[in-house]
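Per chain, numbering begins at 1; letters A, B, ... match sequence-line order. Since the structure is predicted, the reported quantities are computational estimates derived from the model, not experimental observations.
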Amino acid sequence: MEKISNVRVRIAPSPTGFPHIGTIYQALFNFAFAKKHGGKFIVRIEDTDRTRFVEGAEEAIFQALDWFGLVEDESPRKGGEFGPYKQSERLSIYHKYAQVLIDEGHAEFVYYKKEEAGQKKDYSKDSEVKVEKNNSVPDQPKSVEDMISNSDKFSDWVVRMKMPKDEEVVVDDELRGKITFNTSEINPQVLLKSDGYPTYHLGVVVDDHLMEISHVLRAEEWLSSLPKHKLLYSYLGWSMPPVFHTATLRNPDKSKLSKRHGHTNVEWYRLEGFLPEAILNYLGLLGWSHPEEKEVFDLAEFIEKFDLKDIRPAPPVFDVVKLMWMNGLYIREKLSLEQLRERLFDFYSTLREVEPYIKNDGVLELAKTRMETLGDFKKLVLWSPEEEVDKNLKADLRGSLEIIEDKNWNKDEIFAVFKNFMSEKQVKMPVLYSMFTGRKHGLPLPDFMAALGKKESIERLSQ
RNA sequence: GGCGCCAUCGUCUAGUGGCCUAGGACACAGGGCUUUCAUCCCUGUAAUCAUGGGUUCGAAUCCCAUUGGCGUCACCA
């Protein structure tokens, strides 16, 4: 595999909500590509929509990246020589290039009524799409500088891209090949909003160029704005880096992965007790496959084998069931008992009741093959009232077990008592389980009790 | 609705003209192990490769059309 030099890739999340699993998917591919070629993985915060800004969202994005170990080389928090890395701190840069575009005749000032801004249009059947333009035009700003510094006077002005009439724009998607658009189909995009902030399209083109991004790896929903970007690049006299549009993750019904049908919030996975490395492994299976058809591999191996051109353009359904399996596999095969203990301590840092069980080697060992998520642990060890329990029978069982001498408290002795008890009372194993755990099934009971010790076991039967 | 992208078991996928009467994984079913439940092992069900036309001695693989799914058409990203 040949190394590509000066690889610089980026993800460009906007702080408008919780960290999305799709962002991590993008981050994984970008990160792997950067690391493979000794390049840089950059996080640029695209906070140009002040109305959707969510306090704390930026921090949450970085927390998520840290959790997955997809740590960036350059970002607002890390700095770097191409900063600032937050678009709200780069406004004067966008203003400069907006002015260049105006001067060169590729953009113009347009007057809109404020109330008309940001309305999503109806594209059903015959409704025609037209850009609303107010005809009674008041004074026009003389320059971007003028528009910004006299924002009161020009509060309804924007800078909009001028679109050539009926020209073909041929764009290149590295995963799909050449795609031709006609300029008449392209929306003359607003580039600079009336609040002086750029739209995504101006911001992304200017920043990707200035930050010397070498390869653009982004989600498929940007594909139709590619021609816009290509035009902007050529107007500015810049060359466009190769672009790869990766398929978006889908719900089981094939719609774009959404909160409504699936779990999109990274925080949900953390709270359920998924392992970040298992999620990464699973994500690596979507849209990409290991050259030897391996299903289980760590980040290092993914980086080694990953190649951009092997990404499939077809959108995959995100299957939580398979993720669960993968997570269980990581718990039982990739984690030592000690490592599992650490993860559990971390995970249950606020739930003191499970602490003694986490400390208990025997219990941990028994639980290890029975967990798909860290969250399953408490269901395995704690009492959960699911079954009806016969109080008298429970007392009888306790009585039988109390007879065992302290020094003979081991799983064989306990099981011997069980056997007698079951034949005497005409009950089966599950009944014993429910008396001890509240559920019909669970950890092997004699082993569980032996690991807990006589005192604790008898206590549990007394409750 | 215009434009664009995509299309192999239910799902993730292998497959780049003959090795494919299509392989693996998840899920599902059955069996073995077993003191419950799991783990582990074995077996099985499951794709006429969306459909219809070509090209070719030969197509899941190339071409065209159709259908379907999705995306996009905001002063959101």
Side-chain angles (χ1 to χ4, degrees), chain A residues 12-16 46-49 51-52 110 112 114 116-129 131 156-160 173 175-176 179-182 184-187 189-201 203-204 219-227 245 247-248 250 252-256 282 285-296 312-319 321-326 328-329 332-333 366-372 380 411 414-415 418-419 422 428-434 437 439-447:
Chain A
S14 56
T16 52
E46 308 218 323
D47 55 344
T48 55
D49 186 348
T51 61
R52 291 205 307 157
V110 174
Y112 287 106
K114 254 287 168 50
E116 293 166 359
Q119 292 303 307
K120 202 154 174 24
K121 298 182 178 69
D122 176 25
Y123 295 102
S124 58
K125 284 242 156 128
D126 303 313
S127 76
E128 193 154 313
V129 183
V131 182
D156 287 342
W157 285 89
V158 298
V159 175
R160 203 183 63 180
D173 175 274
L175 264 21
R176 294 160 238 262
I179 306 166
T180 306
F181 293 85
N182 191 293
S184 61
E185 297 151 4
I186 308 171
N187 177 34
Q189 186 65 49
V190 169
L191 298 176
L192 208 58
K193 304 184 247 183
S194 53
D195 62 3
Y197 281 66
T199 56
Y200 170 83
H201 304 90
V204 79
E220 189 186 18
E221 56 250 42
W222 297 110
L223 188 55
S224 38
S225 45
L226 226 205
H245 288 98
T248 44
R250 298 296 172 82
D253 70 356
K254 312 271 188 188
S255 59
K256 194 162 123 180
Y282 175 68
L285 255 26
L286 303 180
W288 183 82
S289 66
H290 192 284
E292 292 142 44
E293 286 199 63
K294 280 171 74 173
E295 299 263 333
V296 184
R312 272 167 51 94
V317 171
F318 188 92
D319 181 10
V321 176
K322 187 157 180 178
L323 207 211
M324 288 264 187
W325 162 79
M326 178 72 78
L329 185 138
R332 79 185 94 90
E333 288 181 21
L366 296 172
K368 205 167 181 248
T369 57
R370 277 161 257 251
M371 278 190 272
E372 285 201 311
L380 253 16
K411 68 169 184 158
I414 297 166
F415 184 55
F418 280 2
K419 275 210 284 209
M422 286 190 290
K428 293 240 163 65
M429 252 339 216
V431 177
L432 301 189
Y433 278 84
S434 18
T437 65
R439 312 197 312 168
K440 276 191 282 194
H441 314 294
L443 304 182
L445 204 45
D447 309 64

**Student:** Tell which nucleotide pairs with G4(B), taking only Watson-Crick or G-U wobble pairs whose two distances are both under 3.5 angstrom.
**Tutor:** C70(B)

**Student:** For C40(B), give the paired nucleotide (Watson-Crick: N1-N3 plus N6-O4 or O6-N4; G-U: N1-O2 and O6-N3; both under 3.5 Å), or none.
**Tutor:** G32(B)

**Student:** More 5' along RNA chain B: Trp288(A) or Gln189(A), using each one's nearest nucleotide?
**Tutor:** Trp288(A)

**Student:** When the distance from CG of Leu285(A) to C1' of C12(B) is rounded to whole Å, what number comes out?
**Tutor:** 7 Å

**Student:** Begin from the C-alpha positions of Val158(A) and Thr199(A) and carry the test side-chain contact (heavy atoms from CB on, under 4.5 Å) through to its verdict.
**Tutor:** CA-CA 11 Å; Val158(A) 298; Thr199(A) 56; over 6 Å; no

**Student:** Please write out the pairs of protein N or O atoms and N or O atoms of nucleotides 3-8 of chain B separated by less than 3.5 Å, giving the distance to one decimal.
**Tutor:**
residue	atom	partner	partner atom	Å
C3(B)	O2'	Glu185(A)	OE1	3.2
C5(B)	O2'	Arg176(A)	NH1	2.9

**Student:** If you take atom types as modelled and just measure distance, does the side chain of Ser194(A) reach the base of C75(B) with a donor-acceptor pair under 3.5 Å?
**Tutor:** yes

**Student:** Answer with base, sugar-phosphate or nothing: what part of the nucleic acid does Val158(A) contact at a heavy-atom distance below 4.0 Å?
**Tutor:** base

**Student:** Give me, pair by pair, the N or O atoms of the protein and of nucleotides 59-68 of chain B that are less than 3.5 Å apart, along with how far apart they are.
**Tutor:**
none

**Student:** Please work out if Leu443(A) contacts a base, only the sugar-phosphate, or nothing of the nucleic acid, heavy-atom cut-off 4.0 Å.
**Tutor:** base

**Student:** When you measure from the side chain of Lys322(A) to the backbone of Tyr282(A), do you find a donor-acceptor pair of N or O atoms at a distance under 3.5 Å?
**Tutor:** no

**Student:** Apply salt bridge (charged side-chain N to carboxylate O under 4.0 Å, His left out) to Asp447(A) and list each qualifying residue two or more places apart in sequence or on a separate chain.
**Tutor:** Lys411(A)

**Student:** Using a cut-off of less than 4.0 Å, is there contact between a side-chain N or O of Lys294(A) and OP1 or OP2 of C12(B)?
**Tutor:** no

**Student:** Categorize Glu293(A) for me: base, sugar-phosphate, or nothing, with a 4.0 angstrom heavy-atom threshold over every strand shown.
**Tutor:** base

**Student:** Can you check whether Ser289(A) has a side-chain N or O nearer than 4.0 Å to OP1 or OP2 of C12(B)?
**Tutor:** no

**Student:** Hey, does Gly287(A) reach any base, or is it just sugar-phosphate, or nothing, if we go heavy atoms under 4.0 Å?
**Tutor:** sugar-phosphate

**Student:** In whole Å, I'd like the distance from the CG atom of Asp319(A) to the P atom of G10(B).
**Tutor:** 14 Å

**Student:** By nearest heavy atom, map Gly442(A) and Pro316(A) onto RNA chain B; which one lands nearer the 5' end?
**Tutor:** Pro316(A)

**Student:** Not counting sequence neighbours, which residues clear salt bridge (charged side-chain N to carboxylate O under 4.0 Å, His left out) with Arg312(A)? List them please.
**Tutor:** none

**Student:** For Leu191(A) and A74(B), give me the distance from atom CG to atom P, rounded to whole Å.
**Tutor:** 14 Å

**Student:** Scan Thr48(A) against the nucleic acid and name what it touches under 4.0 Å (heavy atoms): base, sugar-phosphate only, or nothing.
**Tutor:** sugar-phosphate

**Student:** Find the distance Glu292(A):CD to U13(B):C1' and express it as a whole number of Å.
**Tutor:** 16 Å

**Student:** Can you tell me the base-pairing partner of C62(B)? Count Watson-Crick or G-U wobble geometry only, both distances below 3.5 Å, and say none if there is no partner.
**Tutor:** G54(B)

**Student:** Should Ser224(A) and Glu185(A) count as side-chain neighbours, where that means a heavy-atom distance under 4.5 Å?
**Tutor:** no

**Student:** Which is true for Arg332(A) with a 4.0 Å heavy-atom rule: it touches a base, it touches only sugar-phosphate, or it touches nothing?
**Tutor:** sugar-phosphate

**Student:** Mind checking whether Val321(A) and Glu372(A) have side chains closer than 4.5 Å, heavy atoms only?
**Tutor:** no

**Student:** By the 4.0 Å heavy-atom rule, please label Lys256(A) as base, sugar-phosphate, or nothing.
**Tutor:** sugar-phosphate

**Student:** Where the side chain of Thr248(A) meets the backbone of Lys256(A), is there a donor-acceptor pair that is under 3.5 Å apart?
**Tutor:** no

**Student:** Rounded to the nearest 0.5 Å, what separates atom CE in Met324(A) from atom CG in Leu329(A)?
**Tutor:** 14.5 Å

**Student:** Could you encode protein contacts along nucleotides 41-50 of chain B as a string, one character per nucleotide from 5' to 3', using B for base contact, S for sugar-phosphate-only contact and - for no contact, with a heavy-atom cut-off of under 4.0 Å?
**Tutor:** ----------

**Student:** Under 3.5 Å, is there any donor-acceptor pair linking the side chain of Lys322(A) to the base of A27(B)?
**Tutor:** no

**Student:** How close or far is atom P of U72(B) from atom OH of Tyr200(A), stated in whole angstroms?
**Tutor:** 12 Å

**Student:** Using a strict 4.0 Å threshold on nitrogen-to-oxygen distance, state whether Arg176(A) and Asp173(A) make a salt bridge.
**Tutor:** yes

**Student:** Does any non-hydrogen side-chain atom of His245(A) lie less than 4.5 Å from one of Trp222(A)?
**Tutor:** yes

**Student:** Paired with U48(B) by Watson-Crick or G-U wobble geometry, both distances under 3.5 Å: which nucleotide is it?
**Tutor:** none

**Student:** Please check if the side chain of Lys440(A) supplies one atom and the backbone of Ser434(A) the other of a donor-acceptor pair under 3.5 Å.
**Tutor:** no

**Student:** Select base, sugar-phosphate, or nothing to describe what Arg439(A) touches, counting heavy atoms under 4.0 Å on all strands.
**Tutor:** nothing

**Student:** In the structure I gave you, are the side-chain heavy atoms of Leu432(A) and Leu445(A) within less than 4.5 Å of one another anywhere?
**Tutor:** yes

**Student:** Measure from the side-chain N and O atoms of Asp49(A) to the backbone N and O of Thr51(A), and report whether any donor-acceptor pair falls under 3.5 Å.
**Tutor:** yes

**Student:** Evaluate Met422(A) against Val431(A) for side-chain contact (heavy atoms from CB on, under 4.5 Å), listing each step before the verdict.
**Tutor:** CA-CA 9 Å; Met422(A) 286 190 290; Val431(A) 177; over 6 Å; no

**Student:** Could you state the CG-P distance from Leu366(A) to U39(B), rounded to the nearest angstrom?
**Tutor:** 15 Å

**Student:** For Leu226(A) and G71(B), what is the distance between atoms CG and P respectively, to the nearest whole Å?
**Tutor:** 18 Å

**Student:** What one-letter contact string describes nucleotides 30-35 of chain B from 5' to 3', where B marks a base within less than 4.0 Å of any protein heavy atom, S marks contact via sugar-phosphate atoms alone, and - marks no contact?
**Tutor:** -----B

